[in-house]
Amino acid sequence: MVVKSGGVGAAEEGAAGAAVRRWVEAGGGRLVLDGGLATELEAHGADLNDPLWSAKCILSSPHLIRKVHLDYIEAGANIIITASYQATIQGFEAKGFSKEQSENLLTKSVEIAHEAREMFLKQHSDQSTPMHRPILVAASIGSYGAYLADGSEYSGDYGEAGTLEFLKDFHRRRLQVLAEARPDLIAFETIPNKLEAQAYVELLEECNISIPSWFSFNSKDGVHVVSGDSLIECAKVANSCAKVGAVGINCTPPRFIHSLILTIRKVTDKPILIYPNSGERYDAEKKEWVESTGVSDGDFVSYVSEWCKDGAALIGGCCRTTPNTIRAITRTLNQFCPAP
């Protein structure tokens, strides 16, 4: 039997965290997240030179997104993250789509991931041994900076747009549409500042979202989030919300993860997730990753057992990681923390 979603009551205190813990237990004490989406889409021939970035493929080549999702499940991922990170109603409308069409494209991002999961299950349905493995779909919500496509998700500097009400208005309908598409989780990713985390918390409550979510921040110094806000203060915001089931770090160099996990553990008992990038540096002006600034798959995976010992329960990769990275993480986790 493959575990999909679990019923989570919105009003139950800590229900989201309990749901994530149940999935972690079903995964044998840890869950594997997928890796970089855009890297793989480009490897399959997609042209992502567009403000929509990987979300462009929801329009132009959904079959490629489906294939990448499937590749990650085959590599051992328990959680696949939708192509909606840079997909926003405002971004689609700027391309000439109506509000209804834009909302349908958001929904489609979740449907594509569901289809990949069903394809995998169908392909493996004739196995003599039932599969006791969670395979979950997380709907990605990128920051306002990701929509701007100017690299500000790596600085958290939104200028005059940096107000609580503006950010809530920007994200509200997008959150509702993605939740209505019934993913297993909602992934608030690459959160660059405390203000946007607070906006998400208030929206989860105001919109009465019952699907468990995770909050994932990014850091460039191992102490603060990229805006300079204290990671401890940001993690406290996430911990304050019963609808947040896990807290962690993504799109951050692997060398910083150890200290960041220990920092988060000081303020929350929620499951901790980490999915670093390859360690390469992103050039926001050129809109490209700087080659030869990262680590190899072998070096990346050498950190995994340490992250487990530090307390991470969900581990994967972000930008510039591949199915090979996830396959190596799965292999290491099976050795370090074998499933029962």
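- Side chain of S219 to backbone of H224: a donor-acceptor contact under 3.5 angstrom is found.
- Atom CZ of R265 has 12 or fewer heavy atoms from other residues, nucleotides or ligands within 6.0 Å.
- Classification of E306 and K309 as a salt-bridged pair fails, no side-chain N sitting under 4.0 Å from a carboxylate O.
- Rounded to the nearest 0.5 angstrom, R173 CZ and L178 CG are separated by 10.0 Å.
- A donor and an acceptor atom, one from each side chain of S152 and D157, are nowhere located under 3.5 Å apart.
- Remark: R117 CZ to I79 CD1 distance equals 11.0 Å, nearest 0.5 Å.
- For the pair E165 and K168, the salt-bridge criterion is met [side-chain N within less than 4.0 Å of a carboxylate O].
- The heavy-atom pair separating Y303 from P254 by the smallest distance is CE1-CB, 3.7 Å.
- With hydrogens and angles ignored, the 3.5 Å screen pairs a side-chain donor or acceptor of N193 with a backbone N or O of G156.
- Here the side chain of R174 pairs no donor or acceptor atom with the backbone of I141 at under 3.5 angstrom.
- Between atom CD1 of residue I274 and atom OG1 of residue T252 there is a gap of 10.0 Å, rounded to the nearest 0.5 Å.
- Linking ILVMFWY residues whenever their side-chain heavy atoms come closer than 4.5 Å, directly or via other members, leaves W307 and L262 in distinct clusters.
- Side chain to side chain, R327 and N324 meet the donor-acceptor criterion of an N or O pair below 3.5 Å.
- Side-chain contact between Y85 and L37 is absent, with no heavy atoms from C-beta onward closer than 4.5 Å.
- Residue I81 holds its CD1 atom at 11.0 Å from CG of L136, rounded to the nearest 0.5 Å.
- When the side chains of ILVMFWY residues are joined at heavy-atom separations under 4.5 Å, either directly or via intervening members, V267 and L260 end up in two distinct hydrophobic clusters.
- Salt bridge status for K122 with E115: absent, with no side-chain N to carboxylate O gap under 4.0 Å.
- The same ILVMFWY cluster, assembled from side-chain heavy atoms under 4.5 Å apart, contains both V237 and L175.
- Side chain of N250 to main chain of T190: a donor-acceptor pair is present (N/O by atom type, distance under 3.5 Å, no hydrogens or angles).
- With a 4.5 Å cut-off on side-chain heavy atoms, C241 and Y200 do not count as touching.
- Ring pair F170/Y147: centre-to-centre distance below 6.0 Å.
- For the atom pair E42 CD and E40 CD, the distance stands at 10.0 Å (nearest 0.5 Å).
- Nearest heavy-atom pair across A197 and I191 is N-CG2, 3.9 Å.
- Judged by distance alone, the side chain of S84 and the main-chain N or O of A87 form no donor-acceptor pair under 3.5 Å.
- Side-chain atoms of Q123 and E74, non-hydrogen and from C-beta on, do get closer than 4.5 Å to each other.
- One hydrophobic cluster, built from ILVMFWY side chains closer than 4.5 Å, holds both L106 and L41.
- Although no hydrogens or angles enter the test, the distance criterion places a donor-acceptor pair under 3.5 Å between the side chain of D184 and the main chain of V137.
- By the 4.5 Å heavy-atom criterion applied to side chains, P134 and V24 are not counted as neighbours.
- Closest approach of L333 to C308, counting heavy atoms only: CD2-SG, 3.1 Å.
- Under the 3.5 Å distance criterion, the side-chain polar atoms of N239 are left unmatched by any main-chain donor or acceptor of V247.
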Original post:
Could you walk me through whether Y144 and E196 pass the side chain to side chain contact (heavy atoms under 4.5 Å, CB included) check?
Top reply: CA-CA 8 Å; Y144 174 67; E196 198 151 20; 3.5 Å; yes
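- Contact detail for S210 and R182: the closest heavy-atom pair is OG-NH1, 4.4 Å.
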Problem - side chain to side chain contact (heavy atoms under 4.5 Å, CB included) evaluation trace for I315 with R30 - result: CA-CA 8 Å; I315 298 177; R30 76 289 180 275; over 6 Å; no
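- In the hydrophobic clustering of this structure, F97 groups with V110; members are Ile, Leu, Val, Met, Phe, Trp, Tyr whose side-chain heavy atoms approach within less than 4.5 Å, directly or through other members.
- Side-chain N or O atoms of K270 include one that pairs as donor or acceptor with a backbone N or O of V244 at under 3.5 Å.
- Side-chain atoms of E189 and S140 include a donor-acceptor pair closer than 3.5 Å.
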(request) Let me see the working for K236 and E233 under salt bridge (charged side-chain N to carboxylate O under 4.0 Å, His left out), right down to the final yes or no. (result) CA-CA 5 Å; K236 284 180 179 177; E233 293 304 311; 3.4 Å; yes
| query | K243 and N208: side chain to side chain contact (heavy atoms under 4.5 Å, CB included), yes or no, with the steps? | reply | CA-CA 9 Å; K243 296 177 183 294; N208 196 27; 3.7 Å; yes
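- For the pair C251/N277, a side-chain contact is recorded, criterion being any heavy-atom separation below 4.5 Å from C-beta on.
- Formation of a donor-acceptor pair under 3.5 Å by the K56 side chain with backbone atoms of D47 is found in this model.
- Between V304 and Q335, every side-chain heavy-atom pair lies at or beyond the 4.5 Å cut-off.
- Rounding to the nearest 0.5 angstrom, the gap separating the CZ atom in F217 from the OG atom in S227 is 10.0 Å.
- Closest of all the heavy-atom pairs between P183 and H114 is CA-NE2, 4.2 Å.
- Put simply, the side chain of T107 reaches to within 4.5 Å of the side chain of V177, judged on heavy atoms.
- What you find for I211 and A179 is that their closest heavy atoms are CD1-O, 3.3 Å.
- Not a single donor-acceptor pair under 3.5 Å links the side chain of S61 to the backbone N or O of L64.
- For the pair W23 and L31, the minimum side-chain heavy-atom distance is below 4.5 Å.
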Decide yes or no on side chain to side chain contact (heavy atoms under 4.5 Å, CB included) for D310 and I272, but give the supporting numbers first. CA-CA 10 Å; D310 291 337; I272 293 176; over 6 Å; no
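- Annotation: D169, atom CG; neighbour count of heavy atoms from other residues, nucleotides and ligands within 6.0 Å is above 12.
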